[in-house]
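When a ligand or atom number is given, it counts from 1 through the structure's own listing order. Everything numeric in this text was worked out from a predicted model, so none of it was measured.
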Amino acid sequence: REQPIVAMTAYDVQFARLLEEGGVDLILVGDSLGQVVLGQDSTIPVTVDDMIHHARAVTRGAGSTFVVVDMPFLSYQVSTEEALRNAGRILKKAGVQAVKLEGGDARTCETVRALVTAGIPVMGHLGLTPQSVHALGGYRVQGRTDEDAARLRREARALEEAGVFGIVLELLPADLAEEISTSLTVPTIGIGAGPGCDGQVLVVYDALGFNPDFTPRFLKRFAELHEAALDGVRRYAEEVRGGSYPDQDHSFPSIDPT
Ligand code: KIV
């Protein structure tokens, strides 16, 4: 449609319905689930069963919106066979349309090829790949040296050749992300990678202001739901303690008036 692709994460039916109603093009059940929903300190502890559990809830609310699920850490790195088995299980049980996996080295591309050959659409993910956070030395912008930028260009081309239908570019300098996006025929979806990507993705809780203390440069908050929700919780507590809720209007009379 010559328009940027709008993607957002969701982890349950309510948010999936919200994103579908809001006209999001692609829902990602990200393994950011670990941090934003399960309270873990990285994506590393997330399991295939966690992803299936949440992805099933998302597909119940997503309507006809395209849903992609992250393959969690060590569900695709050990062997191609295991990757196939796990991706197949995710597709069968969660009813999603595609999987996403991180990295672009030769082994990952071989895995992508095997999944695509089996009929499983795959999305790539380059730049800051959170499952490798310890190897990368933290959540920081990637591709700032000539060597790293060259590797990322190479890996993006290799993933495209391996058959991905799109690539998430996370935390890259805007000019590098734009150059990679222009050089590929498949779309890129950026997060912290500037306006030159073919689409954008944000974690729904961050974009809607549920995590007021999370303020990376790339993040814009499109709502302040933490404030609104906290206000609601406090008013509820106040009214229950003060005896003003529930009142007559919110109680059932012994005889139904209708
Ligand atoms: O897990 C996730 O939410 C992601 C997005 C940040 C792209 O991979």
Side-chain angles (χ1 to χ4, degrees), residues 4-12 15-16 19 24-48 50-55 57-58 62 65-77 87 90 94 96-104 108 112 121-133 136 138-143 152 156 159 164-172 177 180-181 186-194 197-208 210-211 214-222:
I5 296 164
V6 179
M8 228 176 192
T9 68
Y11 317 91
D12 65 27
F15 278 100
L19 302 198
V24 164
D25 300 312
L26 182 156
I27 298 178
L28 171 67
V29 188
D31 59 357
S32 49
L33 168 78
Q35 285 142 302
V36 296
V37 174
L38 303 180
Q40 295 162 337
D41 62 3
S42 74
T43 60
I44 290 170
V46 177
T47 67
V48 172
D50 290 335
M51 296 309 298
I52 290 172
H53 182 71
H54 287 268
V58 168
T65 307
F66 191 76
V67 180
V68 182
V69 176
D70 263 338
M71 293 195 68
F73 182 56
L74 285 196
S75 69
Y76 58 93
Q77 292 96 334
I90 291 172
V96 299
Q97 282 78 43
V99 296
K100 172 165 85 58
L101 45 80
E102 297 183 3
T108 309
V112 170
V122 182
M123 184 167 222
H125 185 153
L126 292 176
L128 187 275
T129 44
Q131 292 173 16
S132 310
V133 62
L136 296 174
Y139 297 97
R140 53 174 66 135
V141 176
Q142 303 295 305
L152 288 162
L159 280 172
V164 296
F165 66 85
I167 304 179
V168 167
L169 298 179
E170 181 165 358
L171 292 198
L172 289 189
I180 291 175
S181 303
V186 294
T188 59
I189 312 281
I191 173 163
C197 297
D198 302 298
Q200 299 292 326
V201 60
L202 282 177
V203 168
V204 69
Y205 287 105
D206 300 339
L208 300 185
F210 273 107
N211 297 315
F214 183 60
T215 55
R217 181 184 169 98
F218 71 82
L219 178 63
K220 180 170 174 181
R221 288 214 288 266
F222 294 86

Margin query: Could you tell me if D31 and Q131 have a donor-acceptor pair between their side chains, going purely by distance under 3.5 Å?
Written below: yes
Margin query: Just to be sure I understand the cut-off, which residues have at least one non-hydrogen atom under 4.0 angstrom from an atom of ligand 1?
Written below: T9, L28, G30, D31, S32, D70, K100, H125, V168, I191, V201, V203
Next item on the list: Working to the nearest 0.5 Å, report the span between CG of L26 and CE of M123.
Entry: 5.5 Å
Note to self: Can you confirm whether or not the ring centre of Y205 sits under 6.0 Å from the ring centre of F15?
What the structure shows: yes
Notebook entry, point to check: Taking side chain as C-beta onward, heavy atoms only, is V68 less than 4.5 Å from V99?
Noted result: no
Check: Between T188 and D198, does any side-chain donor sit less than 3.5 Å from a side-chain acceptor?
Finding: yes
Note to self: Distance check, rounded to the nearest 0.5 Å: T43 atom OG1 versus M51 atom CE?
What the structure shows: 9.5 Å
